[in-house]
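Everything below concerns the one structure shown next.
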Amino acid sequence: MQDDVLFVHGGSPLEGEVRVKGAKNLVPKAMVAALLGQEPSRLRNVPGIRDVHIVRGLLQLHGVAVYEGDEADELVMDPSSVELANVADIDAHAGSSRIPILLCGPLLHRIGRAFIPDLGGCRIGGRPIDFHLNVLRDFGATVDKRPEGLFLEAPNGLHGAKIELPYPSVGTTEQVLLTAVRAEGTTELRNAAVEPEIIDLICVLQKMGAIISVATDRVIRITGVERLGGYTHRALPDRLEGASWACAALATQGDVFVRGARQLDMMTFLNVFRQVGGAFQVEDDGIRFWHPGGRLRAIALETDVHPGFQTDWQQPLVVALTQASGLSIVHETVYESRLGFTSALNQMGATIQLYSECLGGTPCRFGQRNFQHSAVISGPAKLHGADLVIPDLRGGFSYLIAALAAEGTSRVHGIDLINRGYEGFHAKLDALGARVELPEPVREGVA
């Protein structure tokens, strides 16, 4: 589609200010949590991204009244009339998001049944829903796989369970939390994910009346309760978007103040940003990121689950590393296909080689499976404009960064995918002085 293309004229530094709102990896899950309550919930600092719109639609299909609150960027969700939605209506959301799988536990508690359509999401590697289905079965759910999707019931109710994850999956940890809080008895989850967004979701559930404890050894214990109320909560800011703008400032030799960014959530990223040669200054209401001049330094980096370097930070940083002097090594340990986006960077003039070997010491699931999950980046590289097709959310924003850092004009196709996690990114680019434009016929049609 023509309106899904952006022309990017590169070679100018990004300078100015952007604001990040609530985290994409928390807000939709906190919206799902509202299903569990008996009273309305208020969620603040909500970004206008597609995942929020999808979950809002799913909640409304299930009888939840969703409307704007009195405060800016606030949603109110009233679940007093929850009902099973029409299968065809739910199926209209098939392929658009992976969030629907998280509705299972809350719906089983509220109405005893759930239907989940085929799931979509970014194509960055295997994200099997088997983890989700297995833990739901552990709680007592039955799963009937049909061509149109998954039908779940809990004929004997849901009961606490002892669960140990083979990998600290964020999505499965969220599933356990949303299911265990009203399951009869106690649930013990070992090897849980403990990302800041997980902790913020636990804060939401505790406000509703849940009893949840988090140990330092990745063990979460949940004591089920019979009833949950509503909540009022301000979502933590999106640390992943904040890091994306930081990398954009570094790659374009710019200076960007990210209002809303928090040091606590980004400490691991900030350390690496400084090691590469970037500069930052933490303020009360955000963080300023800039390129201080001189050469950037090559580094060796491995992604990992929190508190390690987040996989979502890797792709934007790789673009900046193409401008560093020497050989940088990146070992991706979370998603096996996340480095596939680098082929387009090579077309722009970067020198990046991929390897199936583990180029790092972090234990990795992919080393013997022939996935190209390690990269060697030789820099600095002189990037030039190119035709780019966005492969996934973070890779897509990384292409934007590369196009902004390159000489000449790039045509970036599939920009609509970026709307899944970056609110108003086009307006933010304009505010930073980026030279971007939509195709001429679209501008005429919109005017």
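Worth knowing before you read on, the calculation uses all heavy atoms, side chains too, and leaves out hydrogens, waters and symmetry mates. We number each residue from 1, following the sequence as shown.
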Distance from [X] atom [atom1] to [Y] atom [atom2], nearest 0.5 Å?
X	Y	atom1	atom2	answer
Ile299	Ile329	CD1	CD1	10.5 Å
Ser398	Asp392	OG	CG	8.0 Å
Tyr167	Asn191	OH	CG	9.5 Å
Leu354	Asn346	CG	CG	7.5 Å
Cys247	Ile401	SG	CD1	5.5 Å
Gln38	Met208	CD	CE	9.0 Å

For this session: Compute whether any side-chain donor of one residue and acceptor of the other, for Gln275 and Arg297, lie under 3.5 angstrom apart.
Result: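 Per modelled atom types, Gln275 and Arg297 side chains form no pair under 3.5 Å.
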Between [X] and [Y], is there a side-chain N and carboxylate O pair less than 4.0 Å apart?
X	Y	value
Glu174	Lys29	yes
Arg369	Glu336	no
Lys24	Asp312	no
Asp255	Arg288	yes
Lys21	Asp238	no
Glu195	Arg218	no

Exercise. Is there a side-chain contact (heavy atoms from CB on, under 4.5 Å) between Leu236 and Arg262 once you walk through the steps?
Worked result: CA-CA 9 Å; Leu236 84 167; Arg262 292 197 319 196; 3.8 Å; yes
Whether over 12 other heavy atoms sit under 6.0 Å from [X] [atom1]:
X	atom1	answer
Gln206	CD	no
Arg435	CZ	yes
Glu407	CD	no
Asp217	CG	yes

Problem set entry | With His426 via side-chain hydrogen bond (donor to acceptor under 3.5 Å, both in side chains) - residues at least two apart | none
Problem set entry | Parallel, tilted or perpendicular: rings of His373 and His331 (30°, 60°) | tilted
For this session: Answer yes if the ring centres of Trp245 and Phe257 are under 6.0 angstrom apart, and no otherwise.
Result: no
Exercise. What about the rings of Phe273 and Phe289, do their centers lie closer together than 6.0 Å?
Worked result: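 Ring centroids of Phe273 and Phe289 are less than 6.0 Å from each other.
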Whether [X] side chain and [Y] backbone form a donor-acceptor pair below 3.5 Å:
X	Y	value
Glu241	Val20	no
Thr322	Val319	yes
Arg394	Ser244	no
Tyr231	Leu43	no

Sequence neighbours left out, cut at 3.5 Å: what donor-acceptor pairs do the side chains of residues 375-384 make with other protein atoms?
{"unit_1": "His384", "atom_1": "NE2", "unit_2": "Gln347", "atom_2": "O", "d": "3.4"}
{"unit_1": "His384", "atom_1": "NE2", "unit_2": "Met348", "atom_2": "O", "d": "3.3"}

Problem set entry | Aromatic Phe269 / basic Arg239 pairing, under 6.0 angstrom, 45° off normal | no
